[in-house]
Amino acid sequence: MKIREKLLLVFLLVFISQACKDQEVLPNEQATSIFPDIGDEAANIPEWIYEEMSFFYFWKDELPSENPDGSEDPESYFYSILTANDGFSYISDDAEAIKEEITGTILAMGFSSTYGIFTNSDNLFAVVEYVYPNSPAEQAGLKRGDIMLKIDDEDITVNNFDRLSSNNAFSVTLGRFNGSSISLSDDVISIGTGTIELNPVIHHEVKDVAGTKVGYLVYVDFLAGDDDKWLNSLGDALASMKQEGITELILDLRYNPGGEVDVASYLASTLAPASVVASKEVLVNFEYNDTLEEYFRDRQGENSPNLVARFGENENNLNLNDIYILTTGNTASASELVINGLRPYMNVIQIGESTFGKFYGSYVLYDQNEPPEHNWAIIPVVLKYSNAAGATDFINGLQPDISLSDNMLEAKPFGDESDTFLKTAIDLIAGEDISNSRLAASKPYEPVYDLKKINLKNAQLFQLP
């Protein structure tokens, strides 16, 4: 029997979003322990799924007691055996695409967006959250805050968004927001795909706030990349801000759905007090099913890195006592791990919306045969994490210290101090009063995070005039 030499550990929430990352799946890699080659000798795909899930799945004791007969559709079978409270495990029929995306260099347009839905309609609108530098989207002129109403002159709807957004090239008709409604404009942007680099450091700068050097970092994925290319990019950004003498940092995780736990540990270790990092305190503890828990303890001991993630020394440690973190409902998984993991050791000031509420991690499992006998991959939940104080199960998300709503219809460029989120953090650092009007501000829509599960009874207030 062969040995499974590498597994991919993912801490992310998968969103369906407009043409940002093509398949909208960005699992991230962590080389972990060596596992038996579970499932690679299975007779058919459903049987392979069952054997993998029987070893790795966090809720394996709730799986059916019998193997499948092999005639089931793999996707339908996979979702039929998930436990009722599992909204995170998923399956893909393109394992190669998933593995390619782990490198952080893919064929895409290069932007991320969020959707809303019009009142009493199945028509959608999309708003651009961010655009990757040097991407086809940026070169076409697409900007953060742009509202998209049509693709290839078709209204975007619940039924066609997947088809329209999967094209390799398309034109988008932009809309205008007048404070109460969205109307069509005459602006049309044509965008193609290209090989882009998904550097998750979207923006960073140093601001002078009442004589205090304040770093501002927009980070959208916990992604290491091939040969740690993107981990090094994160390190370079932090190093440059440290070199400029920052003593405060505003970390913008509003659009970060998660990623690799090793990258999350690295970032946390740059932010925490130096004493915490030097003593290698516990960042988070991991919990598995009984089989995996025993596997790790027997082979690696109680201090296995698969059972506990610790702070680690690095030259970019900022030795902060306070950290200001901007969040929305898009902030998930590894982003939440950083926030939750830091809270026992420093003053974490969370500004914005409640986070998504994902305290689970997954492995990417695929056929290890050479050549592979199939191209399916499953990404089941395999673990749950808690911080050093035991905090976990935050099903309603991590709650902000200062509540704000991220109104993308009035989005400002990153670094613009009229951005309510950024301005609030700056005011706090400067010791300014936080106005009641700012705290009471709300967005006039709720973003649609899963377009396949839209509840039209919760339609938004916008209408086309």
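Remark: the Y366 side chain and the N375 side chain contain no N/O donor-acceptor pair separated by less than 3.5 Å. For the residue pair N256 and S335, a side-chain donor N or O sits within less than 3.5 Å of a side-chain acceptor on the partner. With 3.5 Å as the limit, one finds a donor-acceptor pair spanning the side chains of N306 and Q300. Looking only at atom types and distance, the side chain of S233 has no donor-acceptor partner in the side chain of D236 under 3.5 Å away.
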| Chi angles and distances behind the side chain to side chain contact (heavy atoms under 4.5 Å, CB included) call for K143, V131 | CA-CA 6 Å; K143 303 182 302 299; V131 179; 5.7 Å; no
| task | Could you give me the CA-CA distance, side-chain angles and deciding distance for W59 and Y360, then say whether ring pair (Phe, Tyr, Trp, His ring centres under 6.0 Å) is met? | result | CA-CA 12 Å; W59 298 281; Y360 296 109; 5.2 Å; yes
| task | Apply side chain to side chain contact (heavy atoms under 4.5 Å, CB included) to the pair L164 and F170, showing each step before the final yes or no. | result | CA-CA 8 Å; L164 293 177; F170 53 64; over 6 Å; no
| Would F359 and F394 count as a ring pair (Phe, Tyr, Trp, His ring centres under 6.0 Å) if you check the C-alpha gap in whole Å, the side-chain angles of each, and the deciding distance to 0.1 Å? | CA-CA 7 Å; F359 38 87; F394 41 90; 5.2 Å; yes
| query | After noting the C-alpha distance and the side-chain angles of V381 and Y90, does the key distance pass the side chain to side chain contact (heavy atoms under 4.5 Å, CB included) rule? | reply | CA-CA 9 Å; V381 169; Y90 63 101; over 6 Å; no
| request: Check the pair H203 / Y216 against ring pair (Phe, Tyr, Trp, His ring centres under 6.0 Å), numbers first and verdict last. | output: CA-CA 8 Å; H203 179 89; Y216 174 56; 5.8 Å; yes
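Environment of CD in Q399: crowded, with over 12 heavy atoms of neighbouring residues, nucleotides or ligands closer than 6.0 Å.
Taking the ring axis of F296 as reference, the NZ or CZ atom of R299 does not stay both within 45° of it and closer than 6.0 Å to the ring centre. Both tests pass for K358 against the ring of F88: distance under 6.0 Å to the centre and angle within 45° of the axis.
Atom CG of L307 and atom OH of Y288 lie 6.0 Å apart (nearest 0.5 Å). Taking OG1 of T327 as the start and CG of D252 as the end, the distance is 9.5 Å to the nearest 0.5 Å. Rounding to the nearest 0.5 angstrom, the gap separating the CG atom in L238 from the CG atom in L234 is 4.5 Å. Taking CZ of F125 as the reference point, atom CG of L409 lies at 5.5 Å (rounded to 0.5 Å). Put simply, CG on D367 and CD on E373 are 5.5 Å apart, with the number rounded to the nearest 0.5 Å. For the atom pair OG (S333) and CZ (F356), the distance works out to 9.5 Å, reported to the nearest 0.5 Å.
The backbone N or O of G397 lies less than 3.5 Å from no partner atom in the side chain of S354, so there is not a single donor-acceptor pair. Side-chain atoms of T328 come within 3.5 Å of backbone atoms of R254 as a donor-acceptor pair (strictly under, hydrogens ignored). In this structure, Y345 contributes its side chain and V276 its backbone to no donor-acceptor pair below 3.5 Å. Remark: side-chain polar atoms of S265 are paired, donor with acceptor, to backbone N or O of V261 under 3.5 angstrom. Looking at E72, its side chain does come within 3.5 Å of a backbone N or O of G70 through a donor-acceptor pair. Remark: side-chain polar atoms of N289 are paired, donor with acceptor, to backbone N or O of L292 under 3.5 angstrom. Looking only at distances, no side-chain donor or acceptor of K384 sits under 3.5 Å from a matching main-chain atom of T392. At least one donor-acceptor pair under 3.5 Å links the side chain of R144 to the backbone N or O of E129. Side-chain N or O atoms of N160 include none that pairs as donor or acceptor with a backbone N or O of R163 at under 3.5 Å. At distances below 3.5 Å, at least one donor-acceptor pair connects side-chain atoms of D69 with backbone N or O atoms of S71.
Ion pairing of K60 with D290 is absent here, as no side-chain N (NZ or NE/NH1/NH2) approaches a carboxylate O to less than 4.0 Å. Salt bridge absent: K229 and D227 never bring a charged side-chain N and a carboxylate O closer than 4.0 Å. Salt-bridge formation is detected for the pair K280/E313: a Lys NZ or Arg NE/NH1/NH2 atom is positioned less than 4.0 Å from an Asp or Glu carboxylate oxygen.
Of all heavy-atom pairs spanning L342 and L283, the tightest one is N-CD1, 4.4 Å. Nearest heavy-atom pair, P257 versus V220, reported as atom, atom and distance to 0.1 Å: CD-O, 3.4 Å. In terms of heavy atoms, T193 sits closest to N168 at CG2-O, 2.9 Å.
Contacts of E293 classified as salt bridge (Lys or Arg N to Asp or Glu O under 4.0 Å), with partners at least two apart in sequence or in another chain: R297.
Using the six-membered ring where Trp is involved, Y255 and Y130 have ring planes that are tilted, between 30° and 60° apart.
Partner of Y57 under the side chain to side chain contact (heavy atoms under 4.5 Å, CB included) criterion, chosen from V382, I378, L82, T291: L82.
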